[in-house]
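What's counted below: heavy atoms across the whole structure, side chains too, no hydrogens, waters or symmetry copies. Only a predicted model underlies this, so the values are computations on that prediction, with no experimental measurement involved. A, B, ... follow the sequence lines: proteins, then strands. Residue 1 opens every chain.
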Amino acid sequence: MSKLRVRFAPSPTGFLHVGGARTALFNYLLARKSGGAFVLRIEDTDVARSTQESVDAILEGMHWLGFGCDEGPIYQSDRFELYGQKVKHLLEQGKAYRCYCSAEELQSKRDQAMADGGKPRYDGTCRDLTAAPEGRPFVVRFRSPREGSTVFDDIVKGPISFENDELDDLIIQRTDGTPTYNFVVVVDDADMQIDPVVRGDDHINNTPRQILLYQALGYPVPRFAHVPMILGPDKSRLSKRHGATSVMAYRDMGYLPEAMVNYLVRLGWSHGDDEIFTMDELIEKFSLENVGRSAGVFNPEKLLWLNAHYIKSGDPERLGTLLVDYLRSAGIDQSSGPELPAVARSLQERSRTMVEMAEDAAFYFCSEPEFDDATVMKFFTKENRSVIESLMRHLNNCSELTHESIEGAFKEAMEETGLKMGKLAQPARAALSGGSAKPGIYDILEVLGREESLRRLNRSLAFFS
RNA sequence: GGUCCCUUCGUCUAGCGGUUAGGACACCGCCCUUUCACGGCGGUAGCACGAGUUCGAUUCUCGUAGGGAUCACCA
């Protein structure tokens, strides 16, 4: 595959949402696969709505997901001079013209057209103006051809065609002299030699105008790949009301970036029946040819399943490191207690999110667990006292608590008491954790260690009837 | 409303003229079992509709219906 230059071009008016993240991912994979360049371009021509906080949030999201860019971030606000030159050229060539209609006039014309059942488009009032009014504010409009049609062969959607007379003369420069999106996106994609342009299919309707602009500017027209949108459960465009849409919100909810990447890539793309992909596999296997044409519903359940999968198969050392922040957020004092990797290892098979893991790890860090009435009633009975004592004796004989030594102790205790595993494990679990802690009982003992385990068991004795 | 796009289980999807329509999430049942999970096995469930083309349509064409996007001095 030849080297591709692709880009992700978010506008800094909010955080990185899952839709944008997927678009970024597709572009990133294409660049990595081809050994080409992934350009990050910040579309901040709307100075009023763009914020540095948003830029930072987007960068943070990209970093978390592991999408490193090769060029950028490039800010369009740094390139106004270039856009100004291009506008000037179009003006000189008569391919653009000044329009003196005010925003209010335009709006009322649109409203009128709508009321008459017509199309809300610019009527061309200033298109052929010969005498320019003096000193009045103006915008610059692109002189769009009124005949013919514009067609392109979308890489994912196939052939798409528009009649040119459906397109009106779009504004390329505002009254304040700043350029607008449809213009700068063309100048930049051409200037940065982006090909293919991979973006959300909400841009399909902009594409014919942009193609006309490429041609007017004398640029070669790139290929386009419009990827389907991500919808909410009600099939409407995914938004806040559907729940979390910010990528970083998922980190906060205990999701791993690889789970998010894996989920996002499968939403709209497939590789046979495969479900699990490492980033390296994605780079090797991803291709636009296998991107579907239809929109997809964001399914949190499947994301959760993938997250559980990655936690389950994750490196305990890493999970332990990640756990630090989640424990802190859960208000758990981790200053003393077991080693985090060991904690993570004991819980990774049963945690679907890191938040769950932190919550389920709480008992490890609570040296004096509270016993509720139900627990006392059920497990701390007269008969069970001897059970715990028996277990303590055999545990005490172990020099160190390992899976083997613990198993041995349990066997001996079972023999001594004549009880089955269940009768032994449950009271012990309650005594050690204060309730029905999730890890296997051997794991709890092993992670807690000999001294702490015996201390907790001994302490529980006081609560027996 | 105009334009454009889309349409296989509830959801994500495989399928690229002939298949018992496959997989995954979710759901249900059974097994495993020291709690909870994991895991294993099995199951429910789908080609929107109507015409064509064809010996044969989920697959190709055209309609219909439904859904979505877009029609800014936002991007």
Side-chain angles (χ1 to χ4, degrees), chain A residues 9-13 43-46 48-50 76 99 101-103 106-107 110 113-114 117-122 137-141 154 156-158 160-163 166-168 170-182 184-185 199-208 226 228-229 231 233-237 263 266-276 290 292-306 308-309 312 347-352 356 360 410 420-430 433 435-444:
Chain A
S11 66
T13 54
E43 309 242 326
D44 59 352
T45 52
D46 185 353
R49 304 207 315 169
S50 301
Q76 291 187 320
C99 170
C101 299
S102 71
L106 260 18
Q107 186 60 49
R110 266 197 299 273
M114 284 285 248
K119 300 176 185 180
R121 55 213 294 276
Y122 180 60
F138 62 88
V139 297
V140 177
R141 283 183 189 272
D154 195 277
V156 339
K157 303 273 189 178
I160 298 177
S161 106
F162 290 82
E163 291 302 315
E166 291 293 334
L167 280 19
D168 58 4
L170 78 161
I171 292 171
I172 59 177
Q173 187 179 83
R174 303 186 182 90
T175 309
D176 66 4
T178 59
T180 60
Y181 166 74
N182 277 113
V184 296
V185 73
R199 75 230 304 195
D201 71 7
D202 49 333
H203 286 286
I204 287 182
N205 291 306
N206 289 326
T207 307
H226 288 99
M229 315 214 57
L231 311 176
D234 63 354
K235 308 264 185 157
S236 69
R237 190 177 187 145
Y263 178 69
R266 280 285 291 109
L267 190 49
W269 173 82
S270 60
H271 185 268
D273 285 340
D274 299 346
E275 293 288 349
I276 307 293
N290 292 314
R293 301 117 309 228
S294 55
V297 173
F298 187 82
N299 183 351
E301 295 286 335
K302 188 154 185 180
L303 206 208
L304 187 59
W305 173 76
L306 278 164
H309 167 81
K312 208 176 307 168
L347 250 11
Q348 68 185 135
E349 188 131 324
R350 13 176 76 81
S351 303
R352 294 181 300 175
E356 274 185 17
D360 293 337
F410 267 78
K420 295 212 187 271
M421 186 62 181
K423 296 291 181 188
L424 204 54
Q426 287 309 88
R429 181 187 304 281
S433 73
S436 53
K438 286 180 178 172
I441 188 68
Y442 294 177
D443 289 328
I444 293 177

Undergrad: So which protein nitrogen or oxygen atoms get under 3.5 Å of nucleotides 24-26 of chain B's nitrogens or oxygens?
TA:
{"residue": "A24(B)", "atom": "O4'", "partner": "Glu275(A)", "partner atom": "OE2", "Å": "3.3"}
{"residue": "C25(B)", "atom": "OP1", "partner": "Trp305(A)", "partner atom": "NE1", "Å": "3.3"}
{"residue": "C25(B)", "atom": "O2'", "partner": "Lys302(A)", "partner atom": "N", "Å": "3.4"}

Undergrad: Determine the interatomic distance between C1' on A21(B) and the same-named atom on U13(B); round to the nearest Å.
TA: 13 Å
Undergrad: Partner of C41(B) by Watson-Crick or G-U wobble geometry, both contacts under 3.5 Å, or none?
TA: G29(B)
Undergrad: Who does U20(B) pair with, Watson-Crick or G-U, both distances under 3.5 Å?
TA: none
Undergrad: With sequence neighbours excluded, what pairs up with Tyr442(A) under the ring-ring contact (aromatic ring centres under 6.0 Å, His included) test?
TA: His403(A), Phe410(A)
Undergrad: In whole Å, measure the gap between the P atoms of A57(B) and G67(B) for me.
TA: 30 Å
Undergrad: Paired with A48(B): which nucleotide, if any, by Watson-Crick or G-U wobble criteria at under 3.5 Å for both distances?
TA: U64(B)
Undergrad: Can you tell me, in whole Å, how much space there is between the C1' of C28(B) and that of G2(B)?
TA: 48 Å
Undergrad: Please enumerate all residues that pass salt bridge (Lys or Arg N to Asp or Glu O under 4.0 Å) together with Asp154(A), with sequence neighbours excluded.
TA: none
Undergrad: Using atom P in both nucleotides, what's the gap between U54(B) and C47(B) to the nearest angstrom?
TA: 26 Å
Undergrad: What's touching nucleotides 68-72 of chain B from the protein side, N or O pairs under 3.5 Å?
TA:
{"residue": "A69(B)", "atom": "OP1", "partner": "Arg237(A)", "partner atom": "N", "Å": "3.4"}
{"residue": "A69(B)", "atom": "O3'", "partner": "Arg237(A)", "partner atom": "NH1", "Å": "3.2"}
{"residue": "A69(B)", "atom": "N3", "partner": "Asn205(A)", "partner atom": "ND2", "Å": "3.4"}
{"residue": "U70(B)", "atom": "OP1", "partner": "Arg237(A)", "partner atom": "NH1", "Å": "2.4"}
{"residue": "U70(B)", "atom": "O4'", "partner": "Asn205(A)", "partner atom": "ND2", "Å": "3.1"}
{"residue": "A72(B)", "atom": "OP2", "partner": "Arg110(A)", "partner atom": "NE", "Å": "3.4"}

Undergrad: Going by purine N1 to pyrimidine N3 plus the second Watson-Crick contact, or the G-U wobble pair, all under 3.5 Å, which nucleotide sits opposite U35(B)?
TA: none
Undergrad: Expressed as a whole number of angstroms, how long is the span from His271(A):NE2 to G15(B):P?
TA: 11 Å
Undergrad: Quick one: what's the B/S/- string for nucleotides 33-38 of chain B, heavy-atom cutoff under 4.0 Å, read 5' to 3'?
TA: -BBBBS
Undergrad: Expressed in whole Å, how much space separates the P atoms belonging to C12(B) and G52(B)?
TA: 32 Å
Undergrad: Could I get the full list of side chain to side chain contact (heavy atoms under 4.5 Å, CB included) partners for Ser270(A), not counting sequence neighbours?
TA: Arg266(A)
Undergrad: With Phe138(A), which residues qualify under ring-ring contact (aromatic ring centres under 6.0 Å, His included), at least two apart?
TA: Tyr100(A)
Undergrad: Relative to the 5' end of RNA chain B, which residue comes earlier, Tyr263(A) or Gly158(A), by the nucleotide with the nearest heavy atom?
TA: Gly158(A)
Undergrad: Quick one: Leu167(A) CG to G2(B) P, roughly how many Å, whole number?
TA: 17 Å
Undergrad: With both distances kept under 3.5 Å, what pairs with U3(B), Watson-Crick or G-U wobble?
TA: A69(B)
Undergrad: If you compare all heavy atoms of Pro233(A) against all heavy atoms of Val297(A), which two are closest, and at what distance to 0.1 Å?
TA: CA-CG1, 3.7 Å
Undergrad: Decide ring-ring contact (aromatic ring centres under 6.0 Å, His included) for His203(A) and Tyr181(A); before the verdict, give the C-alpha distance in whole Å, the side-chain angles of both, and the deciding distance to 0.1 Å.
TA: CA-CA 11 Å; His203(A) 286 286; Tyr181(A) 166 74; 5.6 Å; yes
Undergrad: Excluding sequence neighbours, so at least two apart, what forms salt bridge (Lys or Arg N to Asp or Glu O under 4.0 Å) with Lys423(A)?
TA: none
Undergrad: Can you tell me how far C1' in G10(B) sits from the matching atom in A51(B), rounded to whole Å?
TA: 30 Å
Undergrad: Nearest-Å distance, CZ (Arg293(A)) to P (C16(B))?
TA: 13 Å
Undergrad: How long is the line joining CD1 of Ile276(A) and P of C12(B), in whole Å?
TA: 18 Å
Undergrad: Can you list the residues that meet the side chain to side chain contact (heavy atoms under 4.5 Å, CB included) rule with Ala425(A), with sequence neighbours excluded?
TA: Met421(A), Ile441(A)
Undergrad: Go through the structure and list residues passing ring-ring contact (aromatic ring centres under 6.0 Å, His included) with His271(A), not counting sequence neighbours.
TA: none
Undergrad: Any strand counts, and the cut-off is 3.5 Å on both contacts for Watson-Crick or G-U wobble. Which nucleotide pairs with U58(B)?
TA: none
Undergrad: For C49(B), decide between syn and anti, treating a glycosidic angle within 90° of 0 as syn.
TA: anti
Undergrad: Classify the nucleic acid contact of Gly268(A) as base, sugar-phosphate or nothing, counting any heavy atom under 4.0 Å across all strands shown.
TA: sugar-phosphate
Undergrad: When the C1' atoms of G22(B) and A14(B) are compared, how many Å lie between them, rounded to an integer?
TA: 6 Å
Undergrad: Could you tell me how far C16(B) sits from C60(B) if I compare only their C1' atoms? Round to whole Å.
TA: 11 Å
Undergrad: Would you please name every residue forming a side-chain hydrogen bond (donor to acceptor under 3.5 Å, both in side chains) with Gln173(A), sequence neighbours left out?
TA: none
Undergrad: Please give, in whole Å, the distance from C12(B) C1' to Asp274(A) CG?
TA: 14 Å
Undergrad: Sort me out a list of protein N/O and nucleotides 47-49 of chain B N/O pairs below 3.5 Å, or just none if empty.
TA:
none

Undergrad: With no angle test and no hydrogens, is the base of C73(B) tied to the side chain of Thr180(A) by a donor-acceptor pair under 3.5 Å?
TA: no
Undergrad: What is the separation between atom CD on Glu163(A) and atom C1' on U3(B), rounded to the nearest whole Å?
TA: 10 Å
